Student: 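Sharing a structure, written as structure tokens. Questions coming.
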Protein chains: 2
Amino acid sequence: MTEHQSAEDQILELLQALNKGVSPKFERCAGISPTRLRLLHELYQVEEISQISLQREIDIDAAAVTRHLKGLEESGTITRRNNPADNRVTLVSLTPQGRDRMHCYREEKNRFINGLLDGFDDAERKRLTDMLIRLQHNINVM
Amino acid sequence: MTEHQSAEDQILELLQALNKGVSPKFERCAGISPTRLRLLHELYQVEEISQISLQREIDIDAAAVTRHLKGLEESGTITRRNNPADNRVTLVSLTPQGRDRMHCYREEKNRFINGLLDGFDDAERKRLTDMLIRLQHNINVM
DNA sequence: CCACAATGGTTGACGGGTCAATTAAATAGG
DNA sequence: CCTATTTAATTGACCCGTCAACCATTGTGG
């Protein structure tokens, strides 16, 4: 059967290899893990947000959110308090230092992305984005 | 500064989301994790191979290799023995049952990839592959 | 009003990857 | 030859994600 497998085959492995490369490199460049930066990015655009909303934005497990926030709280990047109107929810917000740090992070992130997309013109960036979206869609319907 | 960030920004998150989707879905479809299948795939094309060569092919940590092989050995998929010519290296090979199982796995993998690339014609598949390779390259030189 | 569901969050255990330290074997060089 | 270095593999500790169990709180319907 499909013996020209190599071409398509490669794509799966490329995706895996790519991700294996991207995250550590990003962390080394930006000084923060991609996931944590996404958390902070959400917080940055908002005064205060419940943990559950945060989780739904970021789309990772609630347990992972809890643990990241615990770390970020200890490092003085965020604060948490109970929602007086509903004692189940905890509200999260950036501390002033957290907001400060975001400026560096954003720059590093832009630098990183530009490096990653080096040699891609606008049209290619768009094509790449479209393809990734289509792949994502295909996975979702599987 | 870069305020049209959204386009490029998206790519990082798309890559992350994609990988988050691909691995579990693959495992659910194929009944084995992508990494383990890659290990078995290497073993499939060879009579016997040292752990270190295997590791270099797959490009994961030696510790991870050890643990995967331990699991695969317990499930009767592979066997290991010492290289009599060099007692440091252990030689790994598929058991007959392991070879059998690979037939199913390969089919499932092809099915999965076809699903993933649904709607991509040959030209697009090639373009995608090329782009992924370029991204990988960009990361490596960062 | 009260029992029962639903919701938000935390915790523990597990899989999968990393790195660092350790062990055993082989190889080199004085 | 014997020490010193390199090499292959293993182990332990850690990070990050998942799932499942649990707790507290809130909402709901008889």
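All of these numbers come straight from a predicted model, not from anything done at the bench. Reminder, nothing fancy here: chain letters follow the sequence lines and each chain counts from 1.
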Student: If you compare all heavy atoms of A/R99 against all heavy atoms of A/L43, which two are closest, and at what distance to 0.1 Å?
Tutor: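 Minimum heavy-atom separation between A/R99 and A/L43: NH2-O, 4.0 Å.
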
Student: What is the separation between atom CG on A/L54 and atom C1' on C/dG8, rounded to the nearest whole Å?
Tutor: 13 Å

Student: Expressed in angstrom and rounded to an integer, what is the separation of B/D61 atom CG from D/dC16 atom P?
Tutor: 17 Å

Student: Looking only at side-chain atoms of A/R36, point me to the closest of D/dC16, D/dT18, D/dT10.
Tutor: D/dC16

Student: Whole angstrom is fine here: how far is it from CD in B/Q51 over to C1' in C/dA25?
Tutor: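 Atom-to-atom, B/Q51 to C/dA25, this comes out as 15 Å.
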
Student: The side chain of A/R88 lies closest to which of these nucleotides: C/dT18, D/dA24, D/dA9?
Tutor: D/dA24

Student: Would you mind reading off the distance between B/I60 atom CD1 and C/dG15 atom P, rounded to a whole angstrom?
Tutor: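 It is 15 Å, rounded to the nearest whole Å.
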
Student: For B/A64 and for B/V89, locate the closest nucleotide of DNA chain D by heavy-atom distance; then report the residue assigned to the nucleotide nearer the 5' terminus.
Tutor: B/V89

Student: Could you tell me how far apart B/N19 (CG) and D/dT18 (P) are, to the nearest whole angstrom?
Tutor: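 Result: 13 Å.
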
Student: So how far is it from B/D59 CG to B/L54 CG, rounded to the nearest 0.5 Å?
Tutor: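 Here the interatomic distance stands at 12.0 Å.
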
Student: Hey, which of these two, A/A62 or A/K20, hits DNA chain C nearer its 5' end, going by closest nucleotide?
Tutor: A/A62

Student: Begin from the C-alpha positions of B/L128 and A/L135 and carry the test side chain to side chain contact (heavy atoms under 4.5 Å, CB included) through to its verdict.
Tutor: CA-CA 10 Å; B/L128 177 58; A/L135 290 175; 3.9 Å; yes

Student: Which comes earlier along DNA chain D counting from the 5' end, the contact point of A/H68 or that of B/L69, where each point is its nearest nucleotide?
Tutor: B/L69

Student: Quick one, A/L94 with A/R101, criterion side chain to side chain contact (heavy atoms under 4.5 Å, CB included). Give me CA distance, side-chain angles, the key distance, then yes/no.
Tutor: CA-CA 10 Å; A/L94 279 180; A/R101 283 174 206 160; over 6 Å; no

Student: Tell me, which of residues 70-87 of chain B have any heavy atom that sits under 4.0 Å from an atom in DNA chain C?
Tutor: B/D86, B/N87

Student: For the helix from C/dC1-D/dG30 to C/dG30-D/dC1, what is the angle between the axes at its two ends, each from 5 pairs, rounded to 10°?
Tutor: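 The end-segment axes of the helix from C/dC1-D/dG30 to C/dG30-D/dC1 are tilted 10° relative to each other.
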
Student: Hey, are A/D122 and A/K126 close enough for a salt bridge, meaning a charged N less than 4.0 Å from a carboxylate O?
Tutor: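 So A/D122 does not pair with A/K126 through a salt bridge.
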
Student: Are B/Y44 and B/I32 co-members of a hydrophobic cluster defined by side-chain heavy atoms under 4.5 Å apart?
Tutor: yes

Student: For B/T66, answer base if it contacts any base atom (sugar-phosphate contacts may also be present), sugar-phosphate if it contacts only those atoms, and nothing otherwise; contact means non-hydrogen atoms under 4.0 Å.
Tutor: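 If one applies the 4.0 Å heavy-atom cut-off, B/T66 turns out to touch a base.
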
Student: Using a 4.0 Å heavy-atom cut-off across all strands, classify B/T35 as base, sugar-phosphate, or nothing.
Tutor: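 It contacts sugar-phosphate atoms only.
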
Student: Please test A/L40 against A/L72 for side chain to side chain contact (heavy atoms under 4.5 Å, CB included), starting from the C-alpha separation and ending with a verdict.
Tutor: CA-CA 9 Å; A/L40 296 185; A/L72 290 168; 3.9 Å; yes

Student: Calculate the interatomic distance between A/F26 atom CZ and C/dT18 atom C1'; express it in whole Å.
Tutor: 19 Å

Student: Is any NZ, NE, NH1 or NH2 atom of the basic residue among B/R111 and B/E108 found under 4.0 Å from an Asp or Glu carboxylate oxygen of the other?
Tutor: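 Answer for the salt bridge query: yes.
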
Student: So, under a plain 3.5 Å distance rule, would you say the side chain of A/R67 forms a donor-acceptor pair with the base of D/dT18?
Tutor: yes

Student: Between A/Q55 (CD) and D/dC19 (C1'), how many Å, whole number?
Tutor: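 Those two atoms, CD and C1', are 13 Å apart.
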
Student: Would you mind reading off the distance between B/K25 atom NZ and D/dT18 atom C1', rounded to a whole angstrom?
Tutor: 15 Å

Student: Which heavy atom in B/C29 sits nearest to a heavy atom in B/F112, and how many Å separate them?
Tutor: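 Result for this residue pair: SG-CD1, 4.0 Å.
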
Student: Counting only heavy atoms not in A/Q45, do more than 12 fall under 6.0 Å of its CD?
Tutor: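 Atom CD in A/Q45 is crowded, with more than 12 foreign heavy atoms closer than 6.0 Å.
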
